[in-house]
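The block underneath contains the structure these notes are about, expressed in structure tokens.
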Number of protein chains: 2
Amino acid sequence: MLESGSERRSMTETAYGELKRKILRSELAPGAHFLEEELAVMLGMSRTPVREAAVRLEQEGFLEIVPRRGFRVTRLSKRTVREINEVLECLEIQAAERLAARRIAADDLKLLEDAVARMDVALESEDAQAWAQADYEFHTLLIVLCGNQHLAEVAKNFLDKAHRFRLMTLQLRAKPVYSNVNHAAVVEAVRRNDPQTAQDIHRAHKRRWARELSDLLERLDLPE
Amino acid sequence: MLESGSERRSMTETAYGELKRKILRSELAPGAHFLEEELAVMLGMSRTPVREAAVRLEQEGFLEIVPRRGFRVTRLSKRTVREINEVLECLEIQAAERLAARRIAADDLKLLEDAVARMDVALESEDAQAWAQADYEFHTLLIVLCGNQHLAEVAKNFLDKAHRFRLMTLQLRAKPVYSNVNHAAVVEAVRRNDPQTAQDIHRAHKRRWARELSDLLERLDLPE
DNA sequence: GGTTCGATCAATGTATACGAAAATTATAAT
DNA sequence: ATTATAATTTTCGTATACATTGATCGAACC
């Protein structure tokens, strides 16, 4: 049996991954409109796997399937951004509490510490791109490690949606000093198994970000 | 092809609705295994719309698509039930707070009051089935009216999953007197625009339910 | 000239066909 | 008898064909 090292993903998975990646990076612009056939040709496959991928992406809120008119990339309105962040806030606070409540594996704790360390390095060198990536990974770890798989799944989805917005506004944000400090404090609380503190700090962090977000939305040219 | 009255739904929507209904009612048992062709025949359509519906149901956590082995109805393990309720708890508390914070329309307030009234009637006549339905509608209203569409969507999904469990355990539950009282108090807080009270009461309600759930899970024959 | 109705078109929604991969069964060899 | 291998079958994954339906464009009538 010749099984070389090459990955064998299904067409549907490929389509899903490619489209989601393009949407997150705004290579497919918010509000842009596509026909099934267009995307099928773009991805080098037939309409069938494209449709299946589209159904998933619609469920996750990245696409809208407009009956008889193909797909539209979900627009980021101000309201949408606010709503997404509100949901993410309450899920992440819960995750932080849970994470600190469980006995965490040393390896996992290290992953968290590493992510914070990378955020520090990126902040030092003023690399907004790298900082956003490390921060994204920190938040991902927070929710994935919390021990509730259902929470992790849904929170990850909202995190991705929030990440899309963030990538659009990288250059507009103030130097995120507080994030690093807060995240380090959360990790410390996790290490000490102190759920209340973890929760409180993360809540404060999220509230601060919510205020910063309001300012940001004021300055942005987004539909209401 | 037969045109049955006013139905204008697509096959995919029909398949989605039917399958979900059957799963919620345990007409398709947890853990049961089906081939695409079976379900297609059962629903009187081809595999294509069945597959699309299945993709949606898998996203929502009601089905698992087992590569090359068709679909499996998601099992309700104790862990799953606990996880779902934890997520629902934090989303609903947020919803209760938000709902009380906004200026609510008189019509919408009436809907909430009606739901509670129906719960009271059902409790009085000891109709567990009707009570569960009214309670489900109350929780649905709570999250749908909260003003955050993204929260509403995801919370509704978790509510449906929780509802599946509840329908399986109707006869095992104690007389839910506290639920009615608590829900009435939440509605009152909403009417008075008192988000803190709404949140506190609903949190207490959810915590009580979490404890009752633990007991229930002890007595049930579910996989861990 | 504007509006309405009809014909044509285009794109989806659904069915079906087909190839590939896994599972199963049968067969053969040790 | 047991294991391995080959043949067969089953079912999925994907492509393609087809029919339905909303849209578009034009012509006729007011």
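Numbers restart at 1 for each chain; the letters A, B, ... are given by sequence-line order, proteins then strands.
- Distance CD (B:Glu38) to P (D:dT10): 14 Å, rounded to an integer number of Å.
- The shortest distance between the side-chain N/O atoms of A:Thr12 and the OP1/OP2 oxygens of D:dT14 is below 4.0 Å.
- Note: CZ (B:Phe34) to P (D:dT10) measures 20 Å, nearest angstrom.
- Atom P of nucleotide C:dT12 and atom CD of A:Glu58 are separated by 14 Å, given to the nearest angstrom.
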Pick out the pairs of N or O atoms, protein on one side and nucleotides 6-9 of chain C on the other, that lie under 3.5 Å.
none

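- For the pair B:Leu39 CG and D:dC12 C1', the computed distance is 14 Å after rounding to whole Å.
- B:Arg56 and B:Glu52 are not joined by a salt bridge, as no carboxylate oxygen comes within less than 4.0 angstrom of a charged side-chain nitrogen.
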Derivation of the side-chain contact (heavy atoms from CB on, under 4.5 Å) call for A:Glu13 and A:Glu18: CA-CA 8 Å; A:Glu13 284 173 277; A:Glu18 281 299 294; over 6 Å; no
Output, in order, the C-alpha distance, side-chain angles, deciding distance and verdict of side-chain contact (heavy atoms from CB on, under 4.5 Å) for A:Trp209 and A:Ser179. CA-CA 9 Å; A:Trp209 163 238; A:Ser179 290; over 6 Å; no
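- Sorted by first and then second residue, the ring pair (Phe, Tyr, Trp, His ring centres under 6.0 Å) pairs with a member in residues 29-85 of chain B form an empty list; sequence neighbours excluded.
- In this structure, the CD1 atom of B:Ile65 is 11 Å from the P atom of D:dC12, given to the nearest Å.
- Among the atoms of the strands shown, none is found under 4.0 Å from any heavy atom of A:Glu52.
- Heavy-atom nearest nucleotides on DNA chain C were determined for B:Arg69 and for A:Leu35, and the one closer to the 5' end corresponds to A:Leu35.
- At least one donor-acceptor pair closer than 3.5 Å links the side chain of A:Glu38 to the backbone N or O of A:Leu35.
- Taking the six-membered ring for Trp and thresholds of 30 and 60 degrees, A:His183 and A:Phe138 have nearly parallel ring planes, at less than 30 degrees apart.
- Atom-to-atom, CD of B:Glu37 to C1' of D:dT10 comes out at 12 Å; the value is rounded to the nearest Å.
- Across the protein-nucleic acid pair, B:Glu36 atom CD and C:dC18 atom P stand 19 Å apart, rounded to whole Å.
- Formation of a donor-acceptor pair under 3.5 Å by the A:Arg72 side chain with backbone atoms of A:Pro30 is not found in this model.
- In this structure, CZ of B:Arg68 is placed 4 Å from C1' of D:dC12, rounded to the nearest angstrom.
- Taking the charged nitrogens against the carboxylate oxygens, A:Lys161 and A:Glu60 have no contact shorter than 4.0 Å, which rules out a salt bridge.
- Looking only at distances, no side-chain donor or acceptor of A:Glu153 sits under 3.5 Å from a matching main-chain atom of A:His150.
- Taking 4.0 angstrom as the limit, A:Arg51 places none of its side-chain polar atoms (N or O) nearer than this to OP1 or OP2 of C:dT12.
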Provide a list of protein-nucleic acid N or O atom pairs under 3.5 angstrom, restricted to nucleotides 15-17 of chain D.
from, atom 1, to, atom 2, distance (Å)
D:dA15, OP2, A:Ser46, N, 2.8
D:dA15, OP2, A:Ser46, OG, 2.5
D:dA15, O5', A:Ser46, OG, 3.4
D:dA15, N7, A:Thr48, OG1, 2.8
D:dT16, O4, A:Thr48, OG1, 3.3

